[in-house]
Colleague: 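One structure is given below, represented as structure tokens, and several questions about it will come after.
Please read these numbers as outputs of a predicted model, since none were measured by experiment. First the proteins, then the strands, lettered A, B, ... as listed; each starts at 1.
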Amino acid sequence: MSELPKAFDHKDVDARWYSFWESIGAFTAHPESGKPVFSMVLPPPNVTGSLHMGHALNHTLPDILARWKRMQGYDVLWLPGTDHAGIATQNVVEKQLAQAKQTRHDLGREAFEARVWDWVKISHETITGQMRKLGESVDWSRERFTLDPGLSRAVRREFVSLYREGLIYRDKYIVNWCPRCRTALSDLEVQHKDTDGKLYYVKYAGVGGGAGVVVATTRPETMLGDTAVAVNPDDERYRHLAGTRVRLPVIGRELPIITDSFVDPAFGTGAVKVTPGHDPNDFAMGKRHSLPSVAVIDEDGRMTKEAGPYAGLDRFKARKALVEQLQQDGLIEKIADHKHAVGHCDRCGTVVEPLVSTQWFVKIGPLAAEAIRAVEDGRVVFLPDNWTKTYFEWMTNIHDWCISRQLWWGHRIPAWYCDACGQTVVSEDDPTTCACGGALRQDTDVLDTWFSSGLWPFSTMGWPDETPDLQRYYPTTLLLTGFDIIFFWVARMIMLGLKFAGDVPFHTVYITGLVRDERGQKMSKSKGNVVDPLSVMDDIGADALRFTLSAMASPGMDIPLSEGRMTGYRQFINKIWNASRFLLMNIGELPERPALPPVKDLHLIHRWLLSGVSRLALEVNDALTTYRFDQASDRLYHFFWHEFADWYIEFVKVDLQQPGPVRDAAVAVLVEVYDRLMRLLHPFIPFITEEIWQKLPRRTGDGNTVSLSAFPTAVTEWSDLDAERDVAYLQQVVSTIRTVRSERSVPPSRKITAIIDETDAHARAVLEQYAPYVRLLSGLETLELRGDVAASPDTVARVLEHAHIFVPLAGIVDRRGEIEKLEKELAGLAREAGGLEQKLANAGFVERAPAAVVEEARARVVQLAERRHKLQAQLADLGAP
RNA sequence: GGGCGGUUAGCUCAGCGGUAGAGCACCGGCUUUACACGCCGGCUGUCACAGGUUCGAACCCUGUACCGCCCA
């Protein structure tokens, strides 16, 4: 047993247990078990590469819950899987091709898709490998991928049903277009960034005696597509111009001046150009006023032939060239600096171009209304609660969802067009011919990736079939995810779950913060501050990483992953390892679990420990019930290290040195408590706890893994406030003597004498009975209990509540130091007493504060006075003036 | 422009009505046979600022400043 290495080597331990758990099916859900259900789906990571720290957090926290619930006897389903992540994955592969100077068009659609599948395989291996390394207790037998045949069938069912209900339509509309990805994007896939730009004031000459007007624009190149100029109807400055016409520079087109209350008179000159083809607001205005729409920028971001002399130029080059021309022509009145939000492609960062094109949309209003109601009436609860507001905000201002993407990677849109009769056929099964007999060709576009992941909580369980899993595990208990995908994913799951699965997809949504770097900055490859979970795990082990994330997961807060905290928790794991070594060295070879003697027969120290462990179990369960991973971790950390290891282990060394019943009782308590501690810690740090638990003598009826053992609960009979008070007293005595030693630089190897004058009978009895423990922990040769100590300059004296502690240290007492110390303490006491007396003299306090608080203050004043007297007496003994 | 969060020890963070805590860092002492990834002891804070509520505020309210995020 004693051959455990001195330092914990996670590499040696971690790898063994995961495959063991998998081999015994420890994480498999059992629908037939009859146990209560706890179910979650894992937010499926994108198959774009590997997992980052954010994943590590959002996988660790639910794993803690899954393991905890499993140990509590629940039938836990934690369903894993991955997301094909349309545009994101396609971009990754396109980048790889680009390195070989190829594009997807060089390969063709089929070969490109094959290429992506190759990549998916690699990425999937990486991700699932990382998940195993992190110890995630997911049910691999139910793993899914969003492009699995079953899930693809679900997507078709979804599309066709919504289409038949009129909730999916195809329309020509202005959409966000990424000229680099060459696809439409949804509103959510556009990142608005504040950008320093210019505001150009351009003169439009009047036509037929009209006065003309100066318009202000941030994007002069789009003026080539103007079809009107608009002013606010209430704007006195322009009232006379309404109905007149101006001439568009360069192109020469005549534009009407219209009035529309959307125009902000305070922006620029108060007159704006209207470009329905390249601005969403102008598009809407164009609809209102039946204006034509002219496209001057194409899908590659180049100027079209409508742009006259600029045709073929890149849009930004065209801007520059056009501005130069306008300046030459004297048509630029001025150019001002102007900060404004510019939309960028979420995936590649290219400036998005609003374009009019034909796309598929989901009519979102009716779906959103239901989803809002579900949160309003509490069927779905957001934690922390403030996210509810964010959700409502977005849901009530929601726009129709553009779901078609001009990509090759994803679910192909199940719509076919007949060239012969112009029919559109939307169908779950591939149709062969049109009703008219004409040939059909399928829409070449694919669906937004979130159109499929929105079904995740039920498509993974077999929907649209009524499977046993679906019946049992849907709705899921909880979803845990980052706030960055509340709109993308959470809201859509709620809408689609209500629509198709007939119920909310989860009862609780726990929203985590983002994992940031030590300075609170978002981790990003370009900043080079990415901390890779794999290398951290290599370095400090999965358990230490998990514990760090858990301890830092305060609700609603981002997590700056601090090196210092990680180090601290790595050391905690090592501490557990070494405490385990101590335990295993000392309990010896036990054929079976020793029976725990009745608590009343155990001495104070044991009773104190059992009381603490019982309370700890209560606290950990409470904390996890409210998702306070940080509190649970803190309690475990503190109890294990600073109560169990620092004090109990030191106390119990006394017992272990005495063969016979004293030692046997100590061993029994040690094993019992350690078993509980391993169980309590297991959800947080599964690897080391399994390793150690396996080495503990088994209790009859124990299974073969701690991961399926019973999670500890509070034990009422163990609660013992008297023991807690008495041990706290012993600790105070020990600490006092230790402090004296430290102040006087008495090395631990030098055994000394302490004399305690204890006036409280109970305390004296405790001290008497447990003197050996105090001696060992304080490094005492002898401990005397008597009240006749004469003041001596060679004796350090310390004051406790109702005791004096004397430590004779002949020749090394520093009188001046002692006097200073006493005076400092007296000053502190005087300050505290002064504050309290002032408080008590305040009639308001005495009358209005709770009686207990007032009582406490009074008692404290008495206590302080007593202590002051003792200290003053000591000062006198030292001969202070 | 609207909304959310933050501002507490040198650093990273807890605490959220009864005069401040953890880890790391720092200082001093220790080869105390589980652990130097350790043990013992110690130092460190006008809890951003200004008002207000309260017997009492880091904690509740109002405002200001700065930092960060989301939405438009």
Colleague: What's A:F572 touching, base or sugar-phosphate or nothing? Going by heavy atoms closer than 4.0 Å.
Modeller: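 Touches nothing.
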
Colleague: Remember a base hit wins even if backbone is also touched, and classify A:R628 as base, sugar-phosphate or nothing at under 4.0 Å, heavy atoms.
Modeller: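 The answer is sugar-phosphate, as A:R628 gets under 4.0 Å only of primed atoms, P, OP1 or OP2.
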
Colleague: Do A:K653 and A:F582 make a side-chain contact, defined as non-hydrogen atoms from C-beta onward lying under 4.5 Å apart?
Modeller: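 Result yes, sub-4.5 Å side-chain heavy-atom pair found.
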
Colleague: Could you tell me whether A:K751 contacts a base, only the sugar-phosphate backbone, or nothing, with contacts defined as non-hydrogen atoms closer than 4.0 Å?
Modeller: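 Nothing, no nucleic acid heavy atom in range.
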
Colleague: Among A:Y637, A:F639, A:F644, find the residue that satisfies the ring pair (Phe, Tyr, Trp, His ring centres under 6.0 Å) test when tested with A:W641.
Modeller: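 It is A:Y637; the other options fail the test.
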
Colleague: With a 4.0 Å cut-off on heavy atoms, is A:T390 in touch with a base, just the backbone sugar-phosphate, or nothing at all?
Modeller: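 A:T390: no heavy atom of the nucleic acid under 4.0 Å.
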
Colleague: For A:S554, report the nucleic acid contact type (base, sugar-phosphate, nothing); a contact means any heavy atom under 4.0 Å.
Modeller: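 The residue A:S554 makes sugar-phosphate contact but no base contact.
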
Colleague: Indicate, with a heavy-atom threshold strictly under 4.0 Å, whether A:H642 touches base, sugar-phosphate, or nothing.
Modeller: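 Contact class for A:H642: sugar-phosphate only.
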
Colleague: Please determine whether a side-chain nitrogen of the Lys or Arg among A:E393 and A:K389 lies less than 4.0 Å from a carboxylate oxygen of the Asp or Glu.
Modeller: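 Judged by the 4.0 Å cut-off on N to carboxylate O distance, A:E393 and A:K389 do not form a salt bridge.
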
Colleague: With pairs taken as Watson-Crick or G-U wobble and both distances under 3.5 angstrom, which stems of at least three consecutive pairs involve RNA chain B?
Modeller: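 Looking at RNA chain B, the stems formed by three or more consecutive pairs are B:1-7 with B:65-71, B:10-13 with B:21-24, B:26-30 with B:38-42, B:48-52 with B:60-64.
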
Colleague: Under 4.0 Å, heavy atoms only, any strand: does A:D646 hit a base, just the sugar-phosphate, or nothing?
Modeller: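 Sugar-phosphate contact only - A:D646 comes under 4.0 Å of backbone atoms but never of a base.
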
Colleague: Need one value for A:L514: base, sugar-phosphate or nothing, where a base atom within 4.0 Å counts as base even if backbone is also close, heavy atoms only.
Modeller: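 The answer is nothing, as A:L514 stays clear of every strand by at least 4.0 Å.
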
Colleague: What is the nucleic acid contact for A:E650, judged by heavy atoms within less than 4.0 Å: base, sugar-phosphate only, or nothing?
Modeller: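 Contact class for A:E650: base.
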
Colleague: For A:H638, give me all partners under ring-ring contact (aromatic ring centres under 6.0 Å, His included), at least two apart in sequence or on another chain.
Modeller: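 Checked A:H638 against ring-ring contact (aromatic ring centres under 6.0 Å, His included); matches are A:H642.
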
Colleague: For A:R565, report the nucleic acid contact type (base, sugar-phosphate, nothing); a contact means any heavy atom under 4.0 Å.
Modeller: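 Base, at least one base atom sits under 4.0 Å.
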
